[in-house]
> 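Mind having a look at this structure? Questions to follow.
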2 protein chains.
Amino acid sequence: MRTKRGESPLATLAGKYLTLDEDERELLGSLTHEPRRIARNSEVVREGKAADNLFVVRSGWLLSYTIMPDGRRQVLQVHLPGDIIGFCDMPLPSFTYELKSLTDCSLGLLTRDRVNHIFHTTPRLTGFLFSLMMVDQKTHTDRLRVLGRMNARDRVIHFLLSVLVRLRLTDEAEGDVFDFPLTQFDLADAVGLTNVSVSNALSSLQEQGIVKRSSGRMQILDEAYMREAVSFTNRFESIDISWFPYLQASRA
Amino acid sequence: MRTKRGESPLATLAGKYLTLDEDERELLGSLTHEPRRIARNSEVVREGKAADNLFVVRSGWLLSYTIMPDGRRQVLQVHLPGDIIGFCDMPLPSFTYELKSLTDCSLGLLTRDRVNHIFHTTPRLTGFLFSLMMVDQKTHTDRLRVLGRMNARDRVIHFLLSVLVRLRLTDEAEGDVFDFPLTQFDLADAVGLTNVSVSNALSSLQEQGIVKRSSGRMQILDEAYMREAVSFTNRFESIDISWFPYLQASRA
DNA sequence: CGAGGCCTTGAGCTTCTTCAAGGAAAGTGG
DNA sequence: CCACTTTCCTTGAAGAAGCTCAAGGCCTCG
């Protein structure tokens with residue numbers, strides 16, 4: 001939605017872990033050259049489409065999800081600026097989920113050729129990308145804990161926190177306030193509830209002064225309480241890519 | 001539990017996707033040289049321990065799990081022969097979960113140095129390992145769908161199927177029968193239920209002739225019905241590593 | 001043979017869901 | 001800019017699925 005300084009959000013993110021040289025910065029930037037513009041509420045890929053490229057989110061929010069046989073939906077991930085979509089589909093012949101835009105979006109296309117190019121020329125970025133993918137996986141196991149063992153209120157709390165910390169990574173959150181384009185149906189499908197339960201949980205949180213909502217924006221008022229309630233850990237805080245083998249190879 | 005022909009289960013698994021040359025076969029084998037023996041029901045790592053090495057499961061079953069503040073448990077993954085444990089912890093300073101053996105186990109240790117060595121010398125194995133990691137992630141998103149949107153019966157069905165197909169990969173399943181060392185508490189903690197619900201679900205499945213249990217063994221009687229019930233897809237069937245960039249690099 | 005762990009089954013309860021209706025907000029077209 | 005339409009949110013009542021608690025039985029292992 002909001003990109004600062006005209007820089008790509010992925011570059012902003014990378015800058016938190018690496019000091020990029022000019023080549024690397026340019027390469028990262030090139031991923032989001034000629035971005036594809038996507039209108040709000042449109043289908044970007046359908047399940048089964050050939051997974052011959054990845055997407056890099058330059059701006060906007062997207063949802064990936066699957067449809068159950070009975071028509072219900074499970075949201076697998078919320079994609080924010082700086083995210084790379086489809087990395088783990090690369091060894092598979094096709095996408096295994098649907099991808100839909102929640103807002104107007106700008107997506108960089110990343111072909112397999114280009115991934116090749118990065119992997120061969122910039123070991124540091126390679127290490128960074130793999131680390132991102134591994135953190136992605138950690139995020140998923142955290143969500144298993146949420147869906148498997150938390151009640152409605154805590155599920156909603158955990159979801160809001162996870163969005164907040166990710167927005168902060170790319171400077172998209174303004175302190176404790178951020179745009180929040182999900183409907184309560186979307187949120188419900190993300191945390192395994194119904195829209196009714198989500199409505200109740202959010203109302204209760206607002207009444208107790210823990211969050212505040214207003215027309216597509218969300219404010220986190222008592223972050224400490226929320227973190228405590230769900231034992232939240234920010235996986236992005238502890239990334240360390242210095243160990244990554246390709247790095248050492250390139251320095252030798 | 002049962003390893004055929006003395007071959008390491010990871011090598012068996014790799015052999016399904018690659019034709020290994022002698023060097024590669026030897027390297028894979030070396031990962032499980034001098035395996036560490038672990039007794040049934042013992043803690044292998046605790047959360048917070050430095051993640052300076054991975055484990056390769058040579059034989060036996062293990063569980064990784066987290067404990068909730070209220071003492072309940074969420075099983076994150078069941079580890080079977082051929083599995084690599086801890087890959088996605090590499091960019092993190094320490095393990096983020098507990099690891100416990102369900103049976104007597106034999107674990108190969110894999111230090112970061114050795115990972116380095118593989119990455120530098122055998123691009124094909126590197127591609128294979130990354131593909132495994134990506135499939136791992138797919139497996140996790142499948143479980144999100146299970147925990148978010150399925151009822152007790154279907155959760156149990158999905159779990160049994162996912163174990164079955166993984167055991168078949170390393171030839172540890174005998175047709176539709178396999179060892180099943182999990183208690184109903186373990187299974188419950190894996191799929192976000194209580195032992196009571198698991199007991200009910202299993203009894204119902206057995207009564208309807210869909211599965212059959214007997215003292216630590218499980219038999220799948222109506223696999224087609226079960227696959228249909230949960231729209232099961234076997235992610236390992238569709239792995240394709242031919243695209244992997246490092247491969248092309250080494251051939252060029 | 002005894003003890004401990006594991007499984008089963010039932011009763012009552014809690015949480016979340018379903019169904020439904022009313023109201024607010026946002027988008028659309030004249 | 002206003003009326004209309006649609007989507008989204010809220011709230012309530014009733015129902016279902018799974019949980020808690022508990023007791024009894026089985027199986028295994030020492």
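A, B, ... follow the sequence lines: proteins, then strands. Residue 1 opens every chain. Values in this document were obtained by computation on a predicted structure and should not be read as measured data.
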> Does Arg153(B) reach a base, just sugar-phosphate, or nothing at all? Heavy atoms under 4.0 Å.
nothing
> Tell me whether the OP1 or OP2 atom of dC19(D) has a side-chain N or O from Thr194(B) closer than 4.0 Å.
yes
> Over all heavy atoms of both residues, which pair between Arg155(A) and Val191(A) is shortest? Give the atoms and the distance, please.
NH1-O, 2.8 Å
> Please report the distance, rounded to the nearest Å, between CZ in Arg149(B) and C1' in dA17(D).
15 Å
> Using a cut-off of less than 4.0 Å, is there contact between a side-chain N or O of Ser199(B) and OP1 or OP2 of dC7(C)?
no
> Rounded off to whole Å, could you give me the CG-to-P distance for the Asn151(A) and dC19(D) pair?
13 Å
> Among dT11(D), dC9(D), dT9(C), which nucleotide sits nearest the side chain of Ser203(A)?
dT11(D)
> Supply the atom-to-atom distance Thr103(A) OG1 to Arg40(A) CZ, rounded to the nearest 0.5 angstrom.
8.5 Å
> If only side-chain N and O atoms count, and only distance matters, is there a donor-acceptor pair under 3.5 Å linking Gln77(A) with Asp136(A)?
yes
> Send over the distance from Arg155(A) CZ to dT17(C) P, rounded to a whole Å.
8 Å
> Once you apply a heavy-atom cut-off of 4.0 Å, does Leu193(B) come out as touching a base, just sugar-phosphate, or nothing?
sugar-phosphate
> To the nearest Å, give me how far apart CG (Leu182(A)) and P (dC9(D)) are.
10 Å
> Rounded to whole Å, how long is the line connecting atom CG of Asp189(B) with atom C1' of dG18(D)?
15 Å
> Base, sugar-phosphate or nothing for Asn200(B)? Non-hydrogen atoms, less than 4.0 Å.
base
> Regarding Tyr65(B) and Asp186(B), do their side chains bring together a donor and an acceptor under 3.5 Å, going by distance alone?
no
> Within the 3.5 Å criterion, strictly below it, is a donor on Thr12(B) or Thr170(B) matched to an acceptor on the partner's side chain?
no
> Please report the end-to-end axis angle for the helix from dC1(C)-dG30(D) to dG30(C)-dC1(D), five pairs per end, rounded to 10 degrees.
50°
> In whole angstroms, how far is the P atom of dT8(C) from the CD atom of Gln206(B)?
8 Å
> Which residue lies toward the 5' end of DNA chain C, Gly216(A) or Val196(A), if each is placed at its nearest nucleotide?
Val196(A)
> What contact category does Arg213(B) fall into here, base, sugar-phosphate, or nothing, at under 4.0 angstrom with non-hydrogen atoms?
sugar-phosphate
> Rounded to the Å, how far apart are Arg40(A) CZ and dT7(D) P?
11 Å
> Rounded to the nearest Å, what distance is computed from the CZ atom of residue Arg217(A) to the C1' atom of nucleotide dA26(C)?
17 Å
> Of the listed nucleotides (dG18(D), dC6(C), dC9(D)), which one gets closest to any side-chain atom of Thr183(B)?
dC6(C)
> Please report the shortest heavy-atom distance between His140(B) and His140(A), naming the atom on each side.
CB-CB, 4.5 Å
> What nucleotide, of dG18(D), dC16(C), dT28(D), holds the atom closest to the side chain of Ser215(B)?
dT28(D)
> Would you say dT8(C) has OP1 or OP2 under 4.0 Å from some side-chain N or O of Gln184(B)?
yes
> Could you please name the option among dG18(D), dC7(C), dT10(D) that lies closest to any side-chain atom of Ser197(B)?
dG18(D)
> Can you tell which of dT10(D), dT20(D), dG18(D) lies closest to the side chain of Asn195(A)?
dT10(D)
> Could you grab the distance from atom CZ of Phe232(B) to atom CG of Asp142(B), nearest 0.5 Å is fine?
7.5 Å
> Assign the ring pair Phe55(A) / Phe95(A) to parallel, tilted or perpendicular, where the plane angle (0 to 90°) is split at 30° and 60°.
parallel
